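A quick note: this is a predicted structure, and the numbers were derived from the prediction, not measured. Note that ligands are numbered from 1 as they come in the structure, with each ligand's atoms numbered from 1 the same way. Below, all heavy atoms of this structure are taken into account, side chains as well, without hydrogens, waters or symmetry copies.
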Amino acid sequence: MASRSSPETLRGADILARTLDRAGLRTVFTLSGNHVMPVFDAAIGTGLDLIHVRHEAAAVFMADAYGRLTRRPGIALVTGGPGHTNAVSALYTALAAESPLILLSGHVARDEIGRGAFQELPQADFAAPVTKASWTAQSAAGLGHDLAKAARIAASGRPGPVHVSLPFDLLEEEVEGSAALWPDDAAFAPVATPLSDVAADATHAALAAARRPVILVGPTLCDAPGKALLQKLSAATHVPVVGMENPRGLNDATNGAFAEMLPRADLIVLLGRPHDFAIRFGKPPFVAAAARFVVIDPDVALIGRAIREQGPRVVLTAVADAVSAAQTLTERAPASPSRSSEWCAEVAAAVTYQLSAWKETSSPAAGPLHPLDLSRAVAPIIDGDPDAILICEGGEIGQWPQALIRPRRRVVNGAAGPIGGAIPFALAARVVEKSAPIVVMMGDGAFGFHMSEFETAARCGLPFVVVLGNDAGWNAEHQIQIREYGKDRALGCELSPARYDQVVQALGGHGEFVTRPEELRPALERALASGKPACVNVMIQRVAAPSIRRQVGTA
Ligand SMILES: Cc1ncc(C[n+]2csc(CCOP(=O)(O)OP(=O)(O)O)c2C)c(N)n1
């Protein structure tokens, strides 16, 4: 391992670091290791900001949240072999969340491949099933172009993760400096797949002919700019547009009682929304047997899947990315909507529906608290600042804020349904958002996965507040046991009421412990005011997630 031998030459690692710098992809979520130390060395003197973390999966979760919040690829850099395998597990989440990111992994030198090299693994193959593209770089001079290609693929079409393995010999190899090393800005830019005017007009004709059409969108359009665009589309057409990015699909608490409306739809436009489990495979009673489908998707294979599942009920298909298609549909909407706003209002009322029982539910004076009260305390913090970011984990506790709080900016665990990503998500959110509140709501089970990242956050000065619903158990799975097997057969889902607030204090953050309702708001205020990464550890009742059903008339 060495620095450059002359100022006229550059190591592959220098090309990589400087290309990231030139492209403005300066935050690198990373964990050190033999194979990537040349890149750490090359980062010195560039504008790169290495945020070095405590687990490679956390680096990928951070790059994922960065990608979702900015629509620019987040960058994760890890070492080869076990560093790579740790990182790959989190790519599954990013893939389902349609999150643009680039995983760069160190890799054995090319002349050691197949010889039993230290930490040797066919890394590109290992990452392939959970990425849009995955390859091993082949030349030092081409590393900048590898990066540009990875960024372009990650953010084009259906956004998602891309992996590039970096053989050690390439990172160390010296090449002559030349203009040809540096890709131009355009090489990084995503390529739009626009919806043709003909397809847009045909979609509008299908919408106009339907009585109760619904447009369903996926994670790509559930971010803040996506939501703003969809509001315009819905206002221009009087067609309800519903985002689905939660692993619970039609039971997504965010969408209230929408599951009761979908069977009434006679036309469903899947606008970048895969035809999958989330819509219960489009079958009755969740979707009307007579419903027709329009499928607009950047991925031909997913269009094919919808046709396989629905046959002739698919009346129109088009290849286009979700953002471009939503823009074109909005621009080409008829001058005035062809339908009244009644159906749209009915769907909106279902989506925002909240059970009246919730109004009467609150925590007993002596505690433990009801999970509803945690969301009630967090809501004004999020509602009070349009730039605030709410982060919701999986598990039962994570469903309450999704039912009660409607933030402009939000990161949820996503369609892959993982638990454990929320603390890394929060850390990356703070990299993106410098001042507005960032609040995480999660359970004690999920907290354990990456709690060591509080050390990273404290060390890097990245504050956020975790409101931890501590029911001393893996409640979501416990609820399944009670429901499916009976109360007396609950096994393997108990945890202890551990003092995670004290763990956070020991790692350099701020901790609060709450056992009674009146303690919660002051504790939250202190946590926010601390300016540190904070954990408000709240002892809660172990109750099932909200199940939102109401009786509505059918058409
Ligand atoms: C990576 C991963 N492991 C396991 C699961 C299964 N799982 C889903 S929710 C859950 C329990 C979560 O417990 P906690 O975070 O305490 O939240 P709670 O359900 O108790 O509110 C488990 C184990 C999962 N979805 N993802």
Side-chain angles (χ1 to χ4, degrees), residues 55-61 64-65 85-97 130 245-249 251-253 277-278 361 363 368-375 378 390-405 411-426 439-454 466-485 490-501 503-504 514 535-547:
H55 192 288
E56 288 85 357
V60 172
F61 281 130
D64 175 351
T85 56
N86 277 349
V88 165
S89 66
L91 291 174
Y92 181 72
T93 297
L95 187 70
V130 284
E245 60 168 341
N246 178 297
R248 299 193 180 201
N251 289 337
D252 177 355
F277 74 95
T361 307
S363 308
L369 280 74
H370 191 282
L372 259 171
D373 278 336
L374 275 56
S375 294
V378 169
L390 175 68
I391 294 167
C392 303
E393 258 289 0
E396 298 300 82
I397 181 75
Q399 310 311 309
W400 294 99
Q402 297 188 57
L404 274 105
I405 310 175
V411 181
V412 296
N413 63 332
I419 52 173
I423 295 169
F425 286 164
V439 182
V440 180
M441 296 197 63
M442 69 191 300
D444 52 319
F447 193 85
F449 282 66
H450 287 297
M451 61 186 172
S452 59
E453 298 307 336
F454 268 95
V466 171
V467 177
L468 173 59
N470 190 341
D471 58 8
W474 306 97
N475 188 26
E477 309 309 313
H478 176 71
Q479 293 298 330
I480 293 174
Q481 291 182 324
I482 294 174
R483 213 170 48 234
E484 305 293 329
Y485 308 100
L491 175 73
C493 291
E494 295 298 318
L495 297 168
S496 64
R499 291 293 302 274
Y500 299 102
D501 51 302
V503 174
V504 167
V514 172
C535 168
V536 182
N537 183 7
V538 189
M539 297 313 298
I540 61 164
Q541 299 166 21
R542 199 182 280 181
V543 296
S547 169

Q: Any idea which atoms of ligand 1 are less than 4.0 Å away from a heavy-atom of Gly395?
A: 9 (S), 17 (O), 19 (O)
Q: Kindly give the heavy-atom pair with the smallest separation between Arg542 and Ala472, and that separation in Å.
A: NH2-O, 2.8 Å
Q: Can Gly394 be said to touch ligand 1, with heavy atoms closer than 4.0 Å?
A: no
Q: State the atoms of ligand 1, each with its element, that fall below the 4.0 Å cut-off from a heavy-atom position in Asp471.
A: 20 (O)
Q: Between Phe447 and Phe454, is the ring centroid distance below 6.0 Å?
A: yes
Q: Quick one: does Glu393's side chain have a donor or acceptor within less than 3.5 Å of a partner on Asn413's backbone?
A: no
Q: Measure the distance from atom 21 (O) of ligand 1 to every protein heavy atom, then report the residue, atom name and distance (to 0.1 Å) of the closest one.
A: Ile397 N, 2.9 Å
Q: Look at atom 15 (O) of ligand 1 and say which protein heavy atom is nearest, naming residue and atom and giving the distance to 0.1 Å.
A: Ala446 N, 2.8 Å
Q: Just need the protein heavy atom nearest to atom 10 (C) of ligand 1, so name the residue and atom and give the distance.
A: Glu477 OE2, 3.5 Å
Q: Considering only the protein, which heavy-atom contact is closest to atom 17 (O) of ligand 1, and what is its distance?
A: Gly443 CA, 3.8 Å
Q: What's the shortest distance from atom 25 (N) of ligand 1 to any protein heavy atom, and which residue and atom give it?
A: Gly417 O, 2.7 Å
Q: May I ask whether Glu393 places a heavy atom under 4.0 Å from ligand 1?
A: no
Q: May I ask you to list the atoms of ligand 1 that are less than 4.0 angstrom from any heavy atom of Trp474?
A: 11 (C), 12 (C), 13 (O), 20 (O), 23 (C)
Q: Is there a donor-acceptor contact under 3.5 Å from the side chain of Asn537 to the main chain of Pro497?
A: no
Q: Can you list the atoms of ligand 1 that are under 4.0 Å from a heavy atom of Asn475?
A: 18 (P), 19 (O), 20 (O)
Q: Backbone N or O of Ala498 within a donor-acceptor pair of the Asn470 side chain at under 3.5 Å?
A: yes
Q: Can you tell me if Pro418 has a non-hydrogen atom under 4.0 Å from ligand 1?
A: yes
Q: What atoms in ligand 1 come closer than 4.0 Å to a heavy atom of Gly473?
A: 16 (O), 20 (O)
Q: Just by modelled atom types, is the Leu91 backbone N or O under 3.5 Å from a matching donor or acceptor in the Asp64 side chain?
A: no
Q: Taking Gln541 for the side chain and Pro368 for the main chain, is one N or O donor matched with an acceptor at less than 3.5 Å?
A: yes
Q: Numbering the atoms of ligand 1 from 1, which are under 4.0 Å from a heavy atom of Glu396?
A: 18 (P), 19 (O), 21 (O)
Q: Give a yes or no answer on whether the side chain of Asp373 reaches the backbone of Ser363 with a donor-acceptor pair at less than 3.5 Å.
A: yes
Q: Report yes or no: does Gly469 have a heavy atom closer than 4.0 Å to ligand 1?
A: no
Q: How does Leu495 reach ligand 1, by side chain, by backbone, by both or by neither, if only non-hydrogen atoms under 4.0 Å count?
A: neither
Q: Looking only at atom types and distance, does a side-chain atom of Asn475 sit under 3.5 Å from a main-chain N or O of Val543, one as donor and one as acceptor?
A: yes
Q: Please confirm whether Phe447 comes within less than 3.5 Å of ligand 1 when only nitrogen or oxygen atoms on both sides are compared.
A: no
Q: Kindly confirm or rule out an N or O of Asp444 lying under 3.5 angstrom from an N or O of ligand 1.
A: yes
Q: Tell me, do Asp501 and Val536 make a side-chain contact under 4.5 Å, heavy atoms counted?
A: no
Q: Between ligand 1 and Gly445, is the shortest N or O to N or O distance under 3.5 Å?
A: yes
Q: Mind checking whether Val412 and Asn246 have side chains closer than 4.5 Å, heavy atoms only?
A: no
Q: Of all heavy-atom pairs between Gly445 and Leu495, which one has the smallest distance, and what is that distance?
A: CA-CD1, 3.8 Å
Q: Give me the residue, atom name and distance of the protein heavy atom closest to atom 26 (N) of ligand 1.
A: Ile419 N, 3.3 Å
